[in-house]
Trainee: 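Structure incoming, see below.
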Amino acid sequence: MQKKLLTLLLCSAVSVCGFTGCGNETQDTPDNTQSTTQEQIETTETTATEESTEPTSEENASSFNMDETLENTLLCGVKLSPDMTWSMLGGDFSFETGDTSYSEKNNALSCRLDYKGQYVGGISFKDCKQLDDITGDSKIGYFLIKNDDMEKFDIQKITVYGVNLNDNRETLYSALGEPQIEYGDGDDKSTKYFDADDGRIFNFAFADDIIQFIFISL
């Protein structure tokens with residue numbers, strides 16, 4: 001179920017970039033089965049070609065503000081911001097050196113993200129082809145934060161306006177308002193908030209009305 005949700009989440013994120021003229025399509029990252037980044041990317045690309053890129057519901061009016069939402073988002077206690085760079089995350093974060101994938105189209109390198117040695121999710125670096133290209137000034141393309149191993153953290157993995165992983169839809173909507181796009185079915189319906197001018201995204205994937213993944217495209 002989580003692998004299916006992850007694929008749906010990333011495919012949908014790619015479709016919004018297409019609608020808004022954004023070139024920042026994303027690549028996938030490892031899931032809790034510990035399959036490789038490349039295997040996950042191939043799964044996502046295959047699904048994307050088989051499914052329609054049209055949203056399953058009409059876009060809703062929204063007062064969503066991307067910059068303000070980033071400023072009210074904490075990743076393991078670190079406030080996010082536009083043009084986030086690797087050094088801005090601090091020394092408690094590290095990236096996995098053995099599982100990476102380069103997207104030639106986006107000129108971005110994707111890899112696993114850890115916090116104090118614990119699995120957080122995935123991260124991509126703009127204008128990087130290999131690990132040696134990553135510096136403190138490297139700009140981050142996306143975060144994919146998952147609800148795996150939550151009990152191993154002494155801090156919330158991610159908080160968006162006070163909303164955490166494993167919170168329900170009502171909590172999310174109370175904090176961020178109605179999303180511009182919803183997709184999926186029933187309690188598994190996921191939500192998308194985005195900046196129509198540049199295609200930056202906050203995407204929340206649900207299972208049984210519980211937030212499983214939070215995807216942030218910068």
Side-chain angles (χ1 to χ4, degrees), residues 9-10 12-29 59-95 101-103 105-115 120-129 131 133-146 155-165 167 172-173 175-181 190-205 211 213-218:
L9 174 63
L10 290 181
S12 182
V14 168
S15 72
V16 166
C17 290
F19 293 139
T20 56
C22 171
N24 295 328
E25 295 182 8
T26 59
Q27 299 296 332
D28 206 349
T29 50
E59 293 184 15
N60 300 318
S62 175
S63 59
F64 175 72
N65 185 300
M66 183 70 182
D67 288 344
E68 287 184 5
T69 305
L70 283 172
E71 291 172 0
N72 286 276
T73 298
L74 298 177
L75 178 61
C76 297
V78 177
K79 182 184 292 188
L80 301 188
S81 66
D83 297 321
M84 193 86 184
T85 64
W86 177 239
S87 64
M88 294 167 69
L89 285 178
D92 287 330
F93 288 89
S94 60
F95 49 83
S101 180
Y102 171 66
S103 168
K105 181 176 182 179
N106 301 313
N107 191 25
L109 186 72
S110 302
C111 51
R112 165 177 165 156
L113 178 66
D114 289 350
Y115 174 77
V120 174
I123 187 172
S124 77
F125 296 95
K126 300 177 181 179
D127 302 320
C128 292
K129 294 184 178 180
L131 293 173
D133 295 334
I134 300 173
T135 69
D137 294 328
S138 295
K139 291 185 177 181
I140 295 169
Y142 73 71
F143 293 104
L144 175 62
I145 314 303
K146 303 180 63 184
I155 191 171
Q156 287 287 350
K157 273 192 177 185
I158 187 166
T159 299
V160 184
Y161 272 118
V163 179
N164 305 310
L165 291 165
D167 281 345
L172 175 65
Y173 289 5
L176 271 69
E178 294 287 330
Q180 285 110 316
I181 293 177
S190 295
T191 63
K192 190 181 304 173
Y193 301 82
F194 63 91
D195 187 320
D197 293 329
D198 58 23
R200 293 179 297 166
I201 297 166
F202 268 80
N203 206 328
F204 299 80
I211 299 173
F213 315 116
I214 300 176
F215 176 85
I216 306 169
S217 173
L218 301 178

Trainee: Between Ile123 and Leu89, is there a side-chain heavy-atom distance shorter than 4.5 Å?
Mentor: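 The answer is yes; the side chains approach within 4.5 Å.
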
Trainee: Quick one: which residue pairs count as a side chain to side chain donor-acceptor pair (under 3.5 Å) with a foot in residues 80-91, not counting sequence neighbours?
Mentor: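 Non-adjacent pairs meeting side chain to side chain donor-acceptor pair (under 3.5 Å): Thr85-Ser87.
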
Trainee: Working to the nearest 0.5 Å, report the span between OG1 of Thr69 and OH of Tyr161.
Mentor: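 These two atoms lie 5.0 Å from each other.
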
Trainee: Measure the spacing between CG of Leu165 and CZ of Phe204 and express it to the nearest 0.5 Å.
Mentor: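 Rounded to the nearest 0.5 Å, the CG-CZ separation comes to 9.0 Å.
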
Trainee: Output all residues satisfying salt bridge (charged side-chain N to carboxylate O under 4.0 Å, His left out) with Asp114, sequence neighbours left out; order by chain, then residue number.
Mentor: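 For Asp114 the salt bridge (charged side-chain N to carboxylate O under 4.0 Å, His left out) partners, ignoring immediate neighbours, are Arg112.
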
Trainee: As a quick check of understanding, evaluate side chain to side chain contact (heavy atoms under 4.5 Å, CB included) for Leu218 and Leu70, giving each step before the final call.
Mentor: CA-CA 9 Å; Leu218 301 178; Leu70 283 172; 3.7 Å; yes

Trainee: Mind checking the CZ-NZ spacing from Phe215 to Lys192? Nearest 0.5 Å is all I need.
Mentor: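 If we round to the nearest 0.5 Å, Phe215:CZ and Lys192:NZ are 10.0 Å apart.
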
Trainee: Show the numbers, then the answer: is there a side chain to side chain contact (heavy atoms under 4.5 Å, CB included) between Asp127 and Asp133?
Mentor: CA-CA 8 Å; Asp127 302 320; Asp133 295 334; over 6 Å; no

Trainee: If you compare all heavy atoms of Ala205 against all heavy atoms of Ser190, which two are closest, and at what distance to 0.1 Å?
Mentor: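 That closest heavy-atom pairing would be CA-OG, 3.1 Å.
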
Trainee: Give the C-alpha distance, both sets of side-chain angles, the deciding distance and a yes or no for side chain to side chain contact (heavy atoms under 4.5 Å, CB included) between Phe143 and Val120.
Mentor: CA-CA 9 Å; Phe143 293 104; Val120 174; over 6 Å; no

Trainee: Which value, rounded to the nearest 0.5 Å, describes the distance between Tyr193 atom OH and Glu178 atom CD?
Mentor: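 So the gap between those two atoms works out to 7.0 Å.
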
Trainee: Is there a side-chain contact between Leu176 and Thr191, using heavy atoms and a 4.5 Å cut-off?
Mentor: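 Of all side-chain heavy-atom pairs linking Thr191 with Leu176, none is under 4.5 Å.
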
Trainee: Please name the pair of heavy atoms, one in Leu109 and one in Ile134, separated by the smallest distance, quoted to 0.1 Å.
Mentor: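 Of all heavy-atom pairs spanning Leu109 and Ile134, the closest is CD2-CD1, 4.0 Å.
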
Trainee: Let me confirm one number: the CG-OG distance from Asn107 to Ser124, rounded to the nearest 0.5 Å.
Mentor: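 One gets 11.0 Å once the value is rounded to the nearest 0.5 Å.
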
Trainee: Considering all heavy atoms of both residues, which atom of Val163 and which atom of Leu172 are nearest to each other, and what is their separation?
Mentor: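 In terms of heavy atoms, the two residues are closest at CG2-CA, 4.0 Å.
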
Trainee: May I ask you to check whether Phe194 and Phe64 place their ring centers less than 6.0 Å from one another?
Mentor: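 No; Phe64 has its ring centre 6.0 Å or more from that of Phe194.
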
Trainee: Of the non-hydrogen atoms in Ile201 and Gly199, which two are nearest, and what is the gap between them?
Mentor: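 In terms of heavy atoms, the two residues are closest at CG1-O, 3.1 Å.
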
Trainee: Could you tell me whether the side chain of Lys129 and the main chain of Tyr102 form a donor-acceptor pair under 3.5 Å?
Mentor: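 Flag not set: sc Lys129 to bb Tyr102 has no pair under 3.5 Å.
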
Trainee: Could you report the tightest heavy-atom contact between Met84 and Val78, atom names first, then the distance?
Mentor: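 Residues Met84 and Val78, closest heavy atoms: CE-CG1, 4.1 Å.
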
Trainee: Nearest 0.5 Å, what's the CG-NZ distance between Leu113 and Lys157?
Mentor: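 One gets 9.5 Å once the value is rounded to the nearest 0.5 Å.
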
Trainee: Does Leu74 offer a backbone N or O that forms a donor-acceptor pair with the side chain of Thr159 under 3.5 Å?
Mentor: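 The answer is no, because no donor-acceptor pair under 3.5 Å joins these two groups.
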
Trainee: Give the minimum heavy-atom separation between Cys111 and Phe125, together with the two atoms involved.
Mentor: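 Looks like SG-CE1, 3.8 Å.
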
Trainee: For Ile214 and Thr73, run side chain to side chain contact (heavy atoms under 4.5 Å, CB included): C-alpha distance rounded to whole Å, both residues' side-chain angles, the deciding distance at 0.1 Å, then the answer.
Mentor: CA-CA 11 Å; Ile214 300 176; Thr73 298; over 6 Å; no

